[in-house]
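What follows is a set of notes on a single structure, which appears directly below.
Naming: A, B, ... by sequence-line order, numbering from 1 per chain. Remember, it's a predicted structure, so these values are computed and weren't measured experimentally.
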2 protein chains.
Amino acid sequence: MEKTDALNAFSALGQDTRLEVFRLLVKAGAEGMAAGEIAGALDVRQNTLSNNLSILLAAGLVRNEREGRSVRYFADFDGVRGLLAFLMEDCCAGKPELCQPVLDQIACAC
Amino acid sequence: MEKTDALNAFSALGQDTRLEVFRLLVKAGAEGMAAGEIAGALDVRQNTLSNNLSILLAAGLVRNEREGRSVRYFADFDGVRGLLAFLMEDCCAGKPELCQPVLDQIACAC
DNA sequence: TCCATATTTCATGAAATATGGAATTGATTG
DNA sequence: CAATCAATTCCATATTTCATGAAATATGGA
């Protein structure tokens, strides 16, 4: 991952509507959600949402797929993975015990 | 973690200088770096850096500690942990295989 | 083709953010 | 206490970002 990609991703998530959208899609999982559903769930105008979705898309955080008249969006877990890897690059520098707890905690209680 | 904290953290990392600073501190690990060292390493002015450090500080991504005339900064791994946990909240929803790879990747090859 | 639904694109004004210069606070040394 | 080094705060300017409304595009059904 390039620094530019990471910047795009972080600033994409650093905005209220987009963070909500992304977390919603994380919860939706493999089923994803149509743009209209997202707009309804979050009470955001279509054009505003569309613009924010395109920013998340460009940042590699979501994918989309046309489905008839609708466009269905999905959280892109690979994108998050790359982002975290970039952020924590060389974190260990001889001290694995520093970063390991960070990873353990996230072991999302599924 | 509250949504506001997550927004602050993501938008803190969504800016060139701050992302560089944070990654530098991640690499520095437990030793941390003095503000002046960081400014020198990244070729950023004192006041600009100071401002950016205070934003990272408020976002819970770094900690600091006065050391004589200098102020030493450290990456706050707990902050990152909380941020990721928030982002991936309820990611599993019956499909652990979706999010697990995200976490595995971060198992930084130390 | 005509129409309704779903989404995207574009231009605009308002608000937020980044940067640099100058002044200021805090800590150490002589 | 004066001089100096380290970092922060204050302020003005330039830039970027954001939500909005209007218009455009795309799909599916009658």
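- Between D:dA19 and A:T17, a contact under 4.0 Å exists linking OP1 or OP2 to a side-chain N or O.
- Of the side-chain N and O atoms in B:R45, none sit less than 4.0 angstrom from OP1 or OP2 of D:dA7.
- In this structure, CG of A:L49 is placed 12 Å from C1' of D:dA19, rounded to the nearest angstrom.
- In this model, the phosphate group of C:dT19 is not approached by any side-chain N or O of B:T48 to a distance below 4.0 Å at OP1 or OP2.
- At a threshold of 4.5 Å between side-chain heavy atoms, the hydrophobic network of Ile, Leu, Val, Met, Phe, Trp and Tyr places B:M88 and A:F74 in two separate groups.
- If you check D:dA30 for Watson-Crick or wobble pairing at under 3.5 angstrom, you find it paired to C:dT1.
- In this structure, C:dT28 and D:dA3 make a Watson-Crick or G-U wobble pair, each of the two defining distances being under 3.5 angstrom.
- Taking atom CG of residue B:D16 and atom C1' of nucleotide D:dT16, one finds them 14 Å apart after rounding to whole Å.
- Both cation-pi conditions hold for A:R23 and B:F86: the charged atom is under 6.0 angstrom from the six-membered ring centre and inside a 45 degree cone around its axis.
- The shortest distance between the side-chain N/O atoms of B:N52 and the OP1/OP2 oxygens of C:dT19 is below 4.0 Å.
- Figure legend. D:dT15 is base-paired to C:dA16; pairs are counted as Watson-Crick or G-U wobble with both atom distances under 3.5 Å.
- For A:N47 and B:V71, each mapped to the nucleotide of DNA chain D holding its nearest heavy atom, the one lying further toward the 5' end belongs to B:V71.
- Residues B:I55 and A:L87 fall into different hydrophobic clusters, defined by Ile, Leu, Val, Met, Phe, Trp and Tyr side chains chained together at heavy-atom separations under 4.5 Å.
- Of the residues B:E31, B:E65, B:E67, the one that meets the salt bridge (charged side-chain N to carboxylate O under 4.0 Å, His left out) test with B:R72 is B:E67.
- A straight line from CG of A:N8 to C1' of D:dT16 spans 14 Å, rounded to a whole angstrom.
- Remark on DNA chain D: of its neighbouring residues A:N51 and A:R69, the 5'-side contact belongs to A:N51, judged by nearest-heavy-atom nucleotide.
- Both tests do not hold together for A:R63 against A:Y73: distance to the six-membered ring centre under 6.0 Å, angle to the ring axis within 45°.
- Following rounding to the nearest Å, A:F10 (CZ) and D:dT16 (P) show an atom-to-atom distance of 22 Å.
- For the pair B:Q15 and C:dT19, the criterion of a side-chain N or O lying under 4.0 Å from OP1 or OP2 is met.
- Taking atom CD of B:E65 as the reference point, atom P of D:dA7 lies 14 Å away to the nearest angstrom.
- Within 4.0 Å (heavy atoms only), B:A34 reaches sugar-phosphate atoms of the nucleic acid but no base atom.
- Considering only side-chain N and O atoms, B:Y73 lies under 4.0 angstrom from the phosphate OP1 or OP2 of D:dT8.
- One atom, CD of A:Q46, and another, P of C:dT5, lie 11 Å apart when rounded to the nearest Å.
- We find that CD1 of B:I38 is positioned 9 Å from P of D:dT8, with the value rounded to whole Å.
- Using a 4.0 Å heavy-atom cutoff across all strands shown, B:R72 reaches no nucleic acid atom at all.
- When heavy atoms are screened at a 4.0 angstrom cut-off, B:S50 is found touching base atoms of the nucleic acid.
- Residue order along DNA chain C, read from the 5' end via each residue's closest nucleotide, puts B:V44 first among B:G68 and B:V44.
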